[in-house]
Structures are given as structure tokens and as C-alpha cells.
Number of protein chains: 2
Amino acid sequence: MLRFAHRRASREFTEALRPLAIEGRHYGVLLSLGLHGSLSQRELIDRTGSDKSGMVRTVDDLEARGLAVRRPSPADRRAYAVELTETGRALHAEAGRIADSVAARLLDCLSEDEQSTFCALLERFVTADTT
Amino acid sequence: MLRFAHRRASREFTEALRPLAIEGRHYGVLLSLGLHGSLSQRELIDRTGSDKSGMVRTVDDLEARGLAVRRPSPADRRAYAVELTETGRALHAEAGRIADSVAARLLDCLSEDEQSTFCALLERFVTADTT
DNA sequence: TATTGTTATACTCTATAACTATA
DNA sequence: TATAGTTATAGAGTATAACAATA
């Protein structure tokens, strides 16, 4: 069921983000950068669940489209500080509106109380991941 | 969150099924065949969410390991009737025990009532998939 | 015409490992 | 020694399309 649930959500998000010409993995990075301002690729990996190779490509994509930039990290010369550009912030805001409406539509099959319960239980299920 | 939830469950199931030398996609087919006795590949696709190409490979694997056989379908000469062998039924039972214990462990972070609620809401979320 | 199963292609995701430059 | 980022490779999943046999 989790597989089908993830697939349903993923398909809807991908479809809704298509007009912005970004995919879920790009939105995940935009979202993290929107919240934290500046993150290393390592930190982005931890927050999005991607891996090293994938994150390189995703940040490459965003940089090529002028949505993010790689600056030298002030604290660690090995690392980059990935940051949103002005264009990136605008797209992040737009994508956020789209994502919110998709989420609302996906959860429309549940009452408001059930939506809260579902999200809370889901979060506990995910957080229990201390294998 | 659904992505992380699915990944968590998938990783645990894959790991637990490793001793039986089968993967999740094989177990999905064993499970469906265990419930219905005999199914065409088309029906297996609908029940497992796989696609044509993947199902061909999965049934190939099961047949090569002597867990399932492709018989001619009595009703439709285009289709196969995929069925479990004796060995397949035994492995299905063994895999079922393993899967149950994994599911119990995954849901251990929730109380019994919460487990029922979670599964019920998840099922409604999935079933609402009438895009 | 549409469908079952097969095969082939391609793209993404994931996992790995090797490599550099730093720490 | 370990980590950040890059690059490369390979396996699995997914999406396509073409095809033969049959409905």
C-alpha cells in the first residue's frame, strides 16, 4: 500500500510541476534551500533522501537553469554553499503554491481530522526509521 | 513522507526476504497467486502495479526457479495461466510468515488502535486513486 | 480494432566504488 | 583516517513502442 500511495502522490506532483519544467527531486532541493537559505550538498542529501551522485546532477540542473548557485562554503573548503538565486526564490514560491494545491487534492478523500491523523501517524512511521 | 515511508518498508522487506533469494516483486506475484490460484500476467500486472515488461521478467525468474509455471489459459489462447508449483506454495507460506513479522516490526512504533487507523486511512488514500 | 504477451530502447533512481581535495 | 564533492558503472523500475498471435 505504501508503494501505491507513494506512486499516486509522486505521479500527481510530477504532473503538476511539469509546467515549471522541474521534477520532484528539484523541488525537494528548492524547498530545503527555501527553508534554510544555504546548505551544502551533504546537508541537501540528508534532507531529501537523495544520494551523492543524484544530488550532483540535481544541483547541476538547477545551476544550469539559473535557479541556484554553488558558492564556496566559508566554513569548509571542501564543501559548497548551495543557495537560491532570485529566479530560484520566485520558482520556489510558485512551486510551493502548486504543491500545496496538489497535497490538498490528494488528501481530499479524508476529512480534516483524518488528514491530521494520517499525517501525524505517517510522520511517526517515518521517524521510527532507526533501524 | 510517503517516499520515506515506502523506502523504509521496502528496505526492510527486501532485507528480510533475502534468505529466500526473492525480491519484493517476486513476493507480490507469489502473494497474488497464493490468493487466486491461477492468474494471467495481465491480472498479475493489475494486482502488483508492475508493467508488462517487468512482469515477463518476474515470471521468468519464478519459472526458472521452479516456483511457478506458465500453462496455456483455457479461456484465452493469447494468455497464460500462471500457477504456483508445490515448491512455490511452500515458499509462499514461508515468505508470508516473514512478511508478517516485518510488518509487525514496522508498525511497532504505533499502538494497536493506531495501526488499524493508519492502515485504514492509507487504504482510503490509495483507493482514492481515480485520477 | 483491441488485447496478451514478448522484446527492445531509454531514462530515472539507487547503490557502489574510485578519485581529489580537503578536514 | 574520514568527509565533500565528482565521476563512472551497473541493477532495478518505469514508460514507450513495435510486433505476433489471438480476441
Side-chain angles (χ1 to χ4, degrees), chain A residues 2-15 17-18 21-29 32 38-64 68-83 129 131, chain B residues 2-4 6-15 17-18 21-29 38-64 68-83 129 131:
Chain A
L2 286 170
R3 178 156 164 256
F4 284 111
H6 170 245
R7 189 186 297 192
R8 177 185 178 218
S10 176
R11 180 170 5 102
E12 296 290 321
F13 277 110
T14 302
E15 183 66 27
L17 290 175
R18 196 185 306 277
I22 59 172
E23 300 167 26
R25 60 198 175 94
H26 302 113
Y27 178 61
V29 170
S32 297
S38 174
L39 292 169
S40 69
Q41 291 184 197
R42 173 75 253 163
E43 291 168 318
L44 284 170
I45 288 166
D46 293 337
R47 279 175 173 76
T48 62
S50 178
D51 67 341
K52 286 186 183 185
S53 334
M55 188 51 68
V56 169
R57 284 185 308 237
T58 303
V59 176
D60 282 350
D61 292 346
L62 295 177
E63 207 166 27
V69 288
R70 277 188 253 238
R71 303 193 187 285
S73 165
D76 188 335
R77 276 192 293 172
R78 293 172 304 178
Y80 290 125
V82 184
E83 300 174 9
D129 188 1
T131 311
Chain B
L2 286 171
R3 179 157 163 254
F4 285 111
H6 170 245
R7 191 186 298 192
R8 179 185 177 219
S10 175
R11 179 170 6 101
E12 296 291 321
F13 277 110
T14 302
E15 182 66 28
L17 290 175
R18 195 186 307 278
I22 59 171
E23 301 166 26
R25 61 200 174 94
H26 302 113
Y27 177 60
V29 170
S38 173
L39 292 169
S40 70
Q41 292 184 197
R42 172 76 256 164
E43 292 168 319
L44 285 170
I45 289 167
D46 294 337
R47 279 174 173 75
T48 61
S50 179
D51 68 340
K52 285 184 180 186
S53 332
M55 188 52 68
V56 170
R57 284 185 309 236
T58 303
V59 176
D60 281 351
D61 293 346
L62 295 177
E63 207 165 29
V69 288
R70 276 188 253 237
R71 301 195 189 284
S73 165
D76 186 336
R77 275 192 292 172
R78 293 173 305 178
Y80 290 124
V82 184
E83 298 174 10
D129 189 1
T131 309

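Numbers restart at 1 for each chain; the letters A, B, ... are given by sequence-line order, proteins then strands. Scope of the values below: all heavy atoms of this structure, side chains included, with no hydrogens, waters or symmetry mates. Quick caveat, the model's predicted, so the values are computed rather than measured.
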Can you tell me the distance, in whole Å, between the CG atom of A/Asp60 and the C1' atom of D/dG5?
-> 11 Å

To the nearest angstrom, how far is A/Glu23 atom CD from D/dT14 atom P?
-> 16 Å

Who are the ring pair (Phe, Tyr, Trp, His ring centres under 6.0 Å) partners of A/His26, not counting sequence neighbours?
-> none

Sub-4.5 Å side-chain heavy-atom contact between B/Asp76 and B/Ser40 | no

For A/Lys52 and for B/Arg57, locate the closest nucleotide of DNA chain D by heavy-atom distance; then report the residue assigned to the nucleotide nearer the 5' terminus.
-> A/Lys52

For the side chain of B/Ser73 and the base of C/dT4, is some donor closer than 3.5 Å to an acceptor across the two?
-> no

Could you state the CE-P distance from A/Met55 to D/dA8, rounded to the nearest angstrom?
-> 19 Å

Quickly work out the B/Tyr27 OH to D/dA12 P distance and round it to whole Å.
-> 21 Å

NA contact type, B/Ser40, heavy-atom cut-off 4.0 Å: base, sugar-phosphate, or nothing?
-> sugar-phosphate

Any sub-3.5 Å donor-acceptor pair from B/Glu83's side-chain atoms to B/Arg71's backbone N or O?
-> no

OP1 or OP2 of C/dC19 sitting under 4.0 Å from any side-chain N/O of A/Arg78?
-> no

From the candidates C/dT22, D/dT14, C/dT7, the one with an atom nearest any side-chain atom of B/Asp51 is D/dT14

Is there a donor on the side chain of B/Ser53 or the base of C/dT6 sitting less than 3.5 Å from an acceptor on the other?
-> no

Between D/dT22 atom C1' and B/Tyr80 atom OH, what is the distance in whole Å?
-> 13 Å

In whole angstrom, what separates A/Arg71's CZ from D/dG5's C1'?
-> 18 Å

Along DNA chain C (nearest heavy atom to each residue), the more 5'-positioned of A/Asp76 and B/Asp76 | B/Asp76

Looking at A/Arg7, does any N or O in its side chain come under 4.0 Å of the phosphate oxygens OP1/OP2 on C/dC13?
-> no

May I ask you to decide whether B/Arg42 forms a salt bridge with B/Asp46, counting only side-chain N to carboxylate O separations under 4.0 Å?
-> yes

From the list C/dG5, D/dA23, D/dA8, which nucleotide is the closest neighbour of the side chain of B/Arg77?
-> D/dA23

State whether B/Arg42 places a side-chain N or O below 4.0 Å from either non-bridging phosphate oxygen (OP1 or OP2) of C/dG5.
-> no

Determine, step by step, whether A/Val82 and A/Glu43 satisfy the side chain to side chain contact (heavy atoms under 4.5 Å, CB included) criterion, reporting the C-alpha distance in whole Å, the side-chain angles of both residues, the deciding distance to 0.1 Å, and the verdict.
-> CA-CA 10 Å; A/Val82 184; A/Glu43 291 168 318; over 6 Å; no

Selection from C/dC13, C/dT14, D/dT6 that lies nearest to any side-chain heavy atom of A/Gln41 | D/dT6

To the nearest angstrom, the CD1-C1' distance between A/Ile45 and D/dT3 comes to 11 Å

Over how many whole Å does the gap from B/Asp61 atom CG to D/dG11 atom C1' extend?
-> 13 Å

